Q: 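Just passing along the structure, written as structure tokens.
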Amino acid sequence: MTARLIIDAHHHVWDLAVRPQPWIAGEALAPLARSFMAADLAPEASAAGVVGTVVVQTVCVPEETPELLALAHRSDLIAGVVGWTDLTAPDVADRIAELRELPGGERLVGIRHQVQEEPDPNWLLRADVQRGLTAVAEAGLAYDLVVKPQQLPAATIAASQLIPLIFVLDHFGKPPIATGALEPWADGVRRLAELPNTVCKLSGLVNEAAPGWRIEDLVPYADTILEAFGSQRLLFGSDWPVCTLEAGYGEVVRVAEHLTDALGPAEQEAIFHRNAIRVYSLQVPACYSARKISSPARRS
């Protein structure tokens, strides 16, 4: 791996003393049923060469995003926040503006909703949701897509109707790695990738694989995504602490390095830090100055 400076474009934190995480249910997720704090992540990120991160919402409640922004405001590590707001609210634009006025509001870089939990496969195409997505675009933010394969067609239509908005596909669109099947997932991500306003995160793969997974199990899915999106539209994300169900932080970084080791140094740098800075308009950490990596102006 040549690019040792890394931006982790996808991780979470939660404090169960502040708020429960209803999605953590069942024996399989039991190891996650404790608090995971930024202070827990910091030493692991440092050991892996991570110099900046993007923290992503976990629950669809209005209180969480201000807390994440305040955390980012106090942090030297967290460069961006993908938060939540009710896209269906009539005053969604005002709500986004209010978030930006809070401490750390300048680090709000995107919005996400747990679309994967919506029973309607066409939720993204609802008129009220479309209006909310338009407000996200007008605010100059990105929109993170957390969807299952059967929701990819609706996501593709939504992205085609809102070209000014950057859609960031989380976790490869949750491919069925555990079964070894590629279709119809592969066709779905290829169609999404045909749109110029879509990018994808190299994240979450170990959790979609079967227990006891091997790196070879992941290769067909990574190759499909690399072919579809290319190195200039792929961002590394750890999905910590969810990844710890199957792999430690350092191992997740090494898996991503292995899956991209056939690429040249410039392509690796794009995946491991440059693309995250560009897509999310991140403020560049001070240690980047020696590498002369400039931060783009925030979209207006």
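Since this is a predicted model, take the numbers as computed values, not measurements.
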Q: Testing Val51, Ile271, Val253 for side-chain contact (heavy atoms from CB on, under 4.5 Å) with Ile6, which one passes?
A: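 Result: among Val51, Ile271, Val253, Val253 is the only option passing the side-chain contact (heavy atoms from CB on, under 4.5 Å) with Ile6.
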Q: Could you tell me how the ring of His113 sits relative to the ring of Trp123: parallel (under 30°), tilted (30 to 60°) or perpendicular (over 60°)?
A: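 His113 and Trp123: parallel rings.
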Q: Which class fits the ring pair Tyr143 and Phe167: parallel under 30°, tilted 30 to 60°, perpendicular over 60°?
A: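 Ring orientation of Tyr143 relative to Phe167: perpendicular.
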Q: Once you round to the nearest 0.5 Å, how far does CD of Glu44 lie from OG1 of Thr244?
A: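 The CD atom of Glu44 sits 8.5 Å away from the OG1 atom of Thr244.
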Q: Would you please say whether a donor-acceptor pair under 3.5 Å links the side chains of His12 and Trp240?
A: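 No.
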Q: Does NZ or CZ of Arg274 come closer than 6.0 Å to the centre of the six-membered ring of Phe272, within 45° of the ring's axis?
A: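 Cation-pi check for Arg274 and Phe272: fails.
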Q: Can you name the closest pair of heavy atoms from Ala72 and Val81 and give their distance?
A: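 In terms of heavy atoms, the two residues are closest at CB-CG2, 3.8 Å.
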Q: Report the residues that fulfil side chain to side chain contact (heavy atoms under 4.5 Å, CB included) with Ser203, sequence neighbours left out, ordered by chain and then residue number.
A: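 His171, Lys201.
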Q: Hey, could you give me each pair passing side-chain hydrogen bond (donor to acceptor under 3.5 Å, both in side chains) that has a residue in residues 55-69? Not counting sequence neighbours.
A: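 Sorted result for residues 55-69: Arg19-Glu67, Gln21-Thr58, Gln57-Arg112, Gln57-Gln114, Thr58-Glu64.
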Q: Would you kindly say whether His11 and Thr53 are connected by a side-chain donor-acceptor distance under 3.5 Å?
A: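 Yes, because at least one side-chain N or O of His11 sits under 3.5 Å from a partner of the opposite role on Thr53.
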Q: Would you kindly confirm whether Ile166 and Trp84 end up in one hydrophobic cluster when ILVMFWY residues are joined by side chain heavy atoms under 4.5 Å apart?
A: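 As far as the 4.5 Å side-chain criterion goes, Trp84 and Ile166 are not connected within one cluster.
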Q: Is it the case that the side chains of Asp144 and Tyr280 hold a donor-acceptor pair, with the cut-off being a distance below 3.5 Å and no angle test?
A: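 Yes, because at least one side-chain N or O of Tyr280 sits under 3.5 Å from a partner of the opposite role on Asp144.
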